[in-house]
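Input: a single structure, listed below in structure tokens.
Lettering follows sequence order; numbering is per chain, from 1. Since we're looking at a predicted model, the values are computed, not measured. Basis for what follows: all heavy atoms, side chains included, without hydrogens, waters or symmetry-related copies.
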Protein chains: 2
Amino acid sequence: MNLNRTSNELETILKFLKEIQSYSPLADHSEKALANICFTQKVGKNEVLQEIGKTCKTIYFVMEGSARIFYLKDGLEITEYFAFKNDLIVRAESLFKSLPSNKGIVSIEETLFVGIPSNALFSLFDEFHDIERLFRILIQTVYLETIKRLESIQFQTAEERYKGLLENHPEFIQKIPLKHIASYLGITQVSLSRIRAGIS
Amino acid sequence: MNLNRTSNELETILKFLKEIQSYSPLADHSEKALANICFTQKVGKNEVLQEIGKTCKTIYFVMEGSARIFYLKDGLEITEYFAFKNDLIVRAESLFKSLPSNKGIVSIEETLFVGIPSNALFSLFDEFHDIERLFRILIQTVYLETIKRLESIQFQTAEERYKGLLENHPEFIQKIPLKHIASYLGITQVSLSRIRAGIS
DNA sequence: TGATTTTTTTAACATTTGTAAAAAGAATAC
DNA sequence: GTATTCTTTTTACAAATGTTAAAAAAATCA
């Protein structure tokens, strides 16, 4: 175990290890090996965690706070993904293909992340079958979430999508500026305003 | 190796094993174990491969021909996914959660599949790390494709999406009825007709 | 607090897409 | 080969969403 850690860092990482094993349990030596490559990172509000144009080499988990993945279309920010407590946040295409990403990650509020360097993690995959399984199941899970989101955006009206978001993720509306929610829903800010006016 | 196989079946399965290892190679004994649980299935045009309402217990690959996943919305068929030669076709949510699926799989033309029973496959995951890795990478790949599709449906107009489909998958337009392409693109048949009229 | 910046709403108009029904065209079956 | 069915296009109108600009409201900062 890395001896340079503060007790705060250690506590965060232990909490993370416990949380992530709800997907698939790890043997003790696997858990230790994973713990060894993890690190914590705390950022303030609206701070850039990963820059557009750089290749993604770290897998992040949100331990406290929230963040989002965005990209630019015609100079405007489009929000692709929101991550809250216990959510994975990663620019998947860049990570898996080792290519520069056209997306960035920024925090929404003061946020505490646990980071895992992908190269070190991929090495652990070779050594520890159960670590690779855990991440196989994690990828499966985010894949299913993406299918759900695709279905909702393909076959629901903007109003249905907004209402669904209100029901399933009321925390979104509280913390996140509506312009980001609008682009996440695939509509303009004006359109979202109209929908909100029509509901209340 | 299962001795009840015809030489045709065997040939198909060997071709499949070769094809799938482009994602990640397998050791000889892993390859044999996987071969042992695979089977082939040939269906005619517009035939149901997996019924709506049943739980998905088989992972399919298209060896020849094409097929699609669909579901019903207000009594109408919505096509969610097309699979062509060498594509995976699976109702992921039902498979991974062991729940009855509200989706079905039907062939578009005469189609040859290789099927893998999921329970047997998951058992092989325990025994052969490299088989689980192969499928981890496969899931990764379809996850990235789903993200791409989400981006296109969220931030492109219907016309841009149709043109993109023409460019990237010209084979779609040749074999598949336009009504299915329309629902895949998230628009009505009438709208697709208008777009097509506007282009030529 | 007051000034400045950012976010959200509103308005007017344009464009896209949807709905329903009918007509035209293509494929299929007897 | 003709009748039947299925697919695609067209038309007319309705509804939803986009665009641009301005006003109002809220948040931030000095």
Side-chain angles (χ1 to χ4, degrees), chain A residues 43-48 65-66 68 70 72-79 82 106-110 151-166 170-200, chain B residues 43-48 65-66 68 70 72-79 82 106-110 151-166 172-200:
Chain A
V43 304
K45 186 174 180 175
N46 293 326
E47 259 187 55
V48 174
S66 50
R68 63 194 178 90
F70 73 96
L72 298 175
K73 163 139 181 163
D74 306 326
L76 294 175
E77 276 191 15
I78 303 288
T79 293
F82 292 117
V106 288
S107 60
I108 291 166
E109 55 194 319
E110 186 175 289
E151 284 172 12
S152 87
I153 216 153
Q154 191 165 13
F155 302 111
Q156 293 187 328
T157 63
E159 184 167 340
E160 286 171 329
R161 270 176 276 150
Y162 177 69
K163 283 183 179 167
L165 197 66
L166 273 182
E171 72 273 23
F172 276 43
I173 315 298
Q174 287 158 22
K175 294 178 178 174
I176 304 170
L178 289 173
K179 62 175 180 176
H180 295 151
I181 291 178
S183 75
Y184 177 78
L185 291 173
I187 54 179
T188 61
Q189 206 175 336
V190 175
S191 201
L192 179 57
S193 248
R194 272 191 290 238
I195 289 167
R196 285 162 55 84
I199 288 175
S200 62
Chain B
V43 303
K45 187 173 178 175
N46 293 326
E47 259 185 56
V48 175
S66 50
R68 64 194 178 88
F70 73 97
L72 298 175
K73 166 141 181 161
D74 306 327
L76 294 175
E77 275 191 15
I78 303 289
T79 293
F82 292 117
V106 287
S107 60
I108 291 166
E109 57 195 318
E110 186 175 288
E151 284 171 12
S152 86
I153 216 153
Q154 192 164 14
F155 302 112
Q156 294 187 327
T157 63
E159 183 167 343
E160 285 171 329
R161 271 176 276 150
Y162 178 70
K163 282 183 181 166
L165 198 66
L166 273 181
F172 276 42
I173 315 298
Q174 288 156 22
K175 292 180 179 175
I176 303 171
L178 290 172
K179 63 175 179 176
H180 296 149
I181 291 177
S183 75
Y184 177 78
L185 290 172
I187 55 178
T188 60
Q189 208 175 332
V190 176
S191 202
L192 180 56
S193 248
R194 272 191 291 240
I195 289 167
R196 285 162 54 84
I199 289 176
S200 61

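Whole-Å rounding puts the Arg194(B) CZ to dT15(C) P distance at 15 Å. Here the C1' atom of nucleotide dG18(C) and the CD1 atom of Ile195(B) are 12 Å apart, to the nearest Å. The separation between Glu77(A) atom CD and dT6(C) atom P is 12 Å, rounded to whole Å. At whole-Å resolution of the value, CD in Gln189(B) and P in dA24(C) are 18 Å apart. Rounded to an integer number of Å, the gap from Leu76(A) CG to dT7(C) P is 13 Å. A straight line from CG of Leu192(B) to P of dT16(C) spans 16 Å, rounded to a whole angstrom.
Between Val43(A) and Glu110(A) there is no side-chain heavy-atom pair separated by less than 4.5 Å. When side chains are defined from C-beta on, Glu160(B) counts as touching Thr157(B), because their heavy atoms get closer than 4.5 Å.
Place Lys45(A) and Ser191(B) on DNA chain D by their nearest nucleotides, and Ser191(B) ends up nearer the 5' end.
Contact check, Arg196(A) against dT9(C): a side-chain N or O comes under 4.0 Å of OP1 or OP2. The side chain of Thr188(B) places no N or O atom within less than 4.0 Å of a non-bridging phosphate oxygen (OP1 or OP2) of dT17(C).
Note on Arg194(A) versus Glu159(A): no salt bridge recorded, every NZ/NE/NH1/NH2 to OD/OE distance being 4.0 Å or above.
Interface limits on DNA chain D: the 5'-most and 3'-most nucleotides within less than 4.0 Å of chain B heavy atoms are dT7(D) to dA12(D).
Note: Phe82(A) and Tyr184(A) have tilted aromatic rings, judged against thresholds of 30 and 60 degrees for the angle between ring planes.
Between Glu109(B) and Ser66(B), the side chains place a donor N or O and an acceptor N or O closer than 3.5 Å (distance only, hydrogens not considered). Looking at Tyr162(A) and Arg196(A), their side chains do bring a donor and an acceptor atom within 3.5 Å of each other.
Within 4.0 Å of Ser193(A), counting heavy atoms only, lies at least one base atom of the nucleic acid.
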Kindly indicate, with the supporting measurements, whether the criterion side chain to side chain contact (heavy atoms under 4.5 Å, CB included) is fulfilled by Ile108(A) and Arg68(A).
CA-CA 7 Å; Ile108(A) 291 166; Arg68(A) 63 194 178 90; 4.1 Å; yes
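The stretch residues 176-183 of chain A comes close to DNA chain C through Pro177(A), Leu178(A), Lys179(A), each having a heavy atom under 4.0 Å from the strand.
Remark: the backbone N or O of Glu151(B) is not paired with any side-chain donor or acceptor of Gln154(B) at under 3.5 angstrom.
Remark: Ser107(B) OG to Lys45(B) NZ distance equals 9.5 Å, nearest 0.5 Å.
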